[in-house]
2 protein chains.
Amino acid sequence: MQSRTRVPRATGRPRSAAADAAILAATREALVELGWSKLTLGDVATRAGVAKTTLYRRWAGKNELVVDAVAELFDELRLPDRGSLAADIEGVVLQFAAILARPEAACGLMAVVAESTRDDALRARIRTSIVEPQKRLVLQGRERAQQRGELPAESDPAEAARTVDLIFDVVAGAVVHRTLVSAEAADEEWVRGFTRILLLGLTST
Amino acid sequence: MQSRTRVPRATGRPRSAAADAAILAATREALVELGWSKLTLGDVATRAGVAKTTLYRRWAGKNELVVDAVAELFDELRLPDRGSLAADIEGVVLQFAAILARPEAACGLMAVVAESTRDDALRARIRTSIVEPQKRLVLQGRERAQQRGELPAESDPAEAARTVDLIFDVVAGAVVHRTLVSAEAADEEWVRGFTRILLLGLTST
DNA sequence: GCCATTACGCTACGACTCGTAGCGAAAGCT
DNA sequence: AGCTTTCGCTACGAGTCGTAGCGTAATGGC
């Protein structure tokens with residue numbers, strides 16, 4: 001959220017928070033209708049009922065705008081306690097799949113990831129705005145499973161951190177690939193099969 | 001390969017195969033230097049030493065061109081027999097990671113996948129040109145493991161097909177996510193950890 | 001060897017998007 | 001009030017898009 005991390009001046013006319021929300025919503029709407037490459041900032045400004053210059057005063061370009069617009073979508077992810085590790089994983093994977101099934105999330109996320117291969121600053125922004133915040137779900141799930149006795153306590157903290165990263169890559173990657181590349185729904189049946197494989201690998205040894 | 005599936009007329013000047021190769025190579029070069037959004041077809045034509053009109057006569061647009069340019073990169077994937085299922089998996093995952101580490105592969109693939117969320121024809125083209133051909137690796141690996149006695153023979157063919165799709169999504173998805181989103185190398189240590197989890201899930205039960 | 005056919009290189013074109021600059025009006029704070 | 005910053009609007013040169021038209025080059029059929 002570039003515009004929110006800015007320290008607002010004590011004086012002068014404050015920026016309209018409503019304009020921020022309208023612009024991000026308009027960006028998602030335009031992503032659905034036009035896709036990434038045909039999305040123009042002028043069009044977004046028109047949809048949001050805002051002057052094009054206002055948009056350029058807040059975001060440096062298309063990349064940064066779409067990152068913020070997409071990041072909001074992933075904030076709603078939660079990890080409700082369903083009683084077992086398997087049920088917890090299935091629940092959060094289904095939530096994640098539901099978000100990715102929305103065209104604006106899929107289209108925007110993949111596009112900025114593609115651009116980030118040539119732009120280190122953008123990659124860092126994606127990580128801090130979208131990816132890292134969601135690792136809390138993996139940590140939370142492991143902690144619960146350990147309290148239930150489903151997973152052993154970690155002895156090596158470094159190894160534990162690596163495992164969290166690995167799990168996150170496997171879960172997020174598999175759902176993304178299933179949904180976007182294989183282009184088939186990550187429905188309950190698929191999630192059950194996926195969870196089974198993942199769980200066996202986690203609980204053994 | 002749009003231009004190759006065309007039935008060449010018996011008469012008239014044939015299309016230059018060298019131009020095809022030069023255009024696809026120039027596309028990959030431009031992807032490395034400029035990324036997806038700043039890549040222009042005019043620039044690609046100049047790099048390839050070809051008129052812009054020639055490029056438009058062979059490909060409908062940027063999407064189709066990049067799909068073909070990226071597809072060539074994945075043709076080199078092989079599954080050498082390393083003696084065990086674990087070693088086979090580690091070998092092919094490392095190969096896949098090596099390809100994805102190249103900016104032109106990562107950038108191009110993610111960009112067209114992003115565009116495909118709004119374009120069914122493009123999605124189908126990606127699947128037939130890039131994704132489906134590589135599933136042979138999963139089939140080949142399973143067959144070898146069954147001959148070695150590492151995996152049981154499949155009883156239900158439909159279930160077996162679903163498993164192949166699942167494995168493919170997990171492997172490809174995890175490597176992509178690790179490389180592009182988490183932005184860390186899928187090196188030997190990571191691949192070992194990943195293979196361990198995957199194998200336990202496959203061999204148990 | 002000539003001819004029909006197709007591909008090629010080149011130029012030019014209108015339409016569109018980009019990102020920026022300049023202006024007067026609006027909205028907040030002290 | 002007075003000061004400061006934002007906002008909407010217009011206009012601008014630069015760059016890209018995809019296409020059309022033309023003359024030339026390279027084939028195969030006769």
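Numbers restart at 1 for each chain; the letters A, B, ... are given by sequence-line order, proteins then strands. Computed from a predicted structure; not experimentally measured.
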Bend angle of the helix from dG1(C)-dC30(D) to dT30(C)-dA1(D), end axes from five pairs each (to 10°): 30°
With a 4.5 Å heavy-atom cut-off, do [X] and [Y] have their side chains touching?
X       : Y       : result
V164(B) : L139(B) : yes
L41(A)  : W59(A)  : no
R148(A) : D88(A)  : yes

Test side chain to side chain contact (heavy atoms under 4.5 Å, CB included) applied to E188(A) and V191(A), step by step: CA-CA 5 Å; E188(A) 290 198 17; V191(A) 172; 5.7 Å; no
Round to the nearest Å and state the distance from [X] atom [atom1] to [N] atom [atom2].
X      : N       : atom1 : atom2 : result
E64(B) : dC17(D) : CD    : P     : 14 Å
L34(B) : dG15(D) : CG    : C1'   : 14 Å
L55(A) : dC9(D)  : CG    : C1'   : 15 Å
R15(A) : dC29(C) : CZ    : C1'   : 17 Å

With 3.5 Å as the limit, what N/O pairs link the protein to nucleotides 25-27 of chain C?
{"residue": "dA26(C)", "atom": "N3", "partner": "R13(A)", "partner atom": "NH1", "Å": "3.1"}
{"residue": "dA27(C)", "atom": "O4'", "partner": "R13(A)", "partner atom": "NE", "Å": "3.3"}

From C107(B) atom SG to R102(B) atom CZ, the distance as rounded to the nearest 0.5 Å: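 Going from SG on C107(B) over to CZ on R102(B), the span is 13.5 Å.
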H177(B) and F168(A) aromatic ring geometry - parallel, tilted or perpendicular at 30°/60° bounds: perpendicular
Polar side-chain atom of K62(A) near backbone of L39(A) as donor-acceptor pair, under 3.5 Å: yes
Under 3.5 Å donor-acceptor, R118(A) side chain and E115(A) backbone: no
More than 12 heavy atoms from other groups under 6.0 Å of CD on E132(B):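 Above 12, so yes.
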Over 12 non-hydrogen atoms of neighbours within 6.0 angstrom of CD in E143(A): no
Quick one: which protein N/O atoms are closer than 3.5 Å to N/O atoms of nucleotides 17-20 of chain C? Pair and distance per line, please.
{"residue": "dC18(C)", "atom": "OP1", "partner": "L41(A)", "partner atom": "N", "Å": "3.4"}
{"residue": "dG19(C)", "atom": "OP2", "partner": "Y56(A)", "partner atom": "OH", "Å": "2.5"}
{"residue": "dG19(C)", "atom": "N7", "partner": "K52(A)", "partner atom": "NZ", "Å": "3.2"}
{"residue": "dG19(C)", "atom": "O6", "partner": "K52(A)", "partner atom": "NZ", "Å": "3.1"}

Side-chain donor/acceptor contact of R57(A) with base of dG8(D) under 3.5 Å: yes
